[in-house]
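These notes are about the structure you will find just below.
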Amino acid sequence: MNYWLVKSEPFKYSWDDFVNQGTGVWDGVRNYQARNNLKAMQVGDLVFFYHSNEGLEIVGLAKVVKEAYQDPTTEDNRWVVVDLVPVEKLPKTVTLKQIKADERLKDIGLIKQMRLSVTAIKPEEFDIILGLAHD
DNA sequence: GCCAACGTTGGC
DNA sequence: GCCAACGTTGGC
């Protein structure tokens, strides 16, 4: 079981859009590192949903229900998508500010590789963030 | 809206 | 295969 964090710009695709839709096809990834992370996802992996540009906070938790397959939005077979479903809206959102302020989270992919839209989360980081969300 | 970070492209 | 130019992302 692995943990991940995906970013989305809320005016493009927000947590609420995701919940309304039920199943989210995570498409549009055009970055090799992010793609490799998508390929490494397994059914049941938990994924934080982060709002970039607006919000700047982790708003919800999702899980992988279908592993990487050809991105239907392109013919180019270099790119893949995964299917996600919502698990829960976090009782308290965890802001980028909080994450940056937390010494234990200073090596998190979200900060170290700010521009990567799909990053891996260590189990201990996952627990810390979930702890902050249920604080 | 600005700009830093960084990935990608293309000329050599 | 290097590296400058360019484009995109995302925090501020």
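Note: hydrogens, waters and symmetry copies are ignored here, and every other heavy atom, side chains too, is used. Residue numbering restarts at 1 for every chain, and letters A, B, ... go by the order of the sequence lines.
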Exercise. Roughly how far, to the nearest 0.5 Å, is CD of A:E124 from CD1 of A:I129?
Worked result: 10.5 Å
For this session: Measure the CE-CG distance between A:M41 and A:D83 for me, rounded to the nearest 0.5 Å.
Result: 11.5 Å
Exercise. Under 4.5 Å between any side-chain heavy atoms of A:N37 and A:L116, yes or no?
Worked result: yes
Seminar exercise, completed: Taking for A:K100 and for A:K12 the nucleotide of DNA chain C with the nearest heavy atom, the one nearer the 5' end belongs to A:K12
Exercise. Between A:D71 and A:R30, is the closest basic N to carboxylate O distance under 4.0 Å?
Worked result: yes
Exercise. So what does A:K97 hit on the nucleic acid, given a heavy-atom distance under 4.0 Å: a base, only sugar-phosphate, or nothing?
Worked result: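 The answer is nothing, as A:K97 stays clear of every strand by at least 4.0 Å.
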Exercise. Which other residues belong to the hydrophobic cluster containing A:V43, where Ile, Leu, Val, Met, Phe, Trp and Tyr are joined when side-chain heavy atoms lie under 4.5 Å apart, directly or via other members?
Worked result: none
For this session: Tell me, please, the opening and closing nucleotides of DNA chain C, 5' to 3', among those with an atom under 4.0 angstrom from a non-hydrogen atom of chain A.
Result: C:dG7 to C:dC12
Problem set entry | Earlier contact from the 5' end, DNA chain B, for A:M114 and A:N53 |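 Its nearest nucleotide lies further toward 5', so the answer is A:N53.
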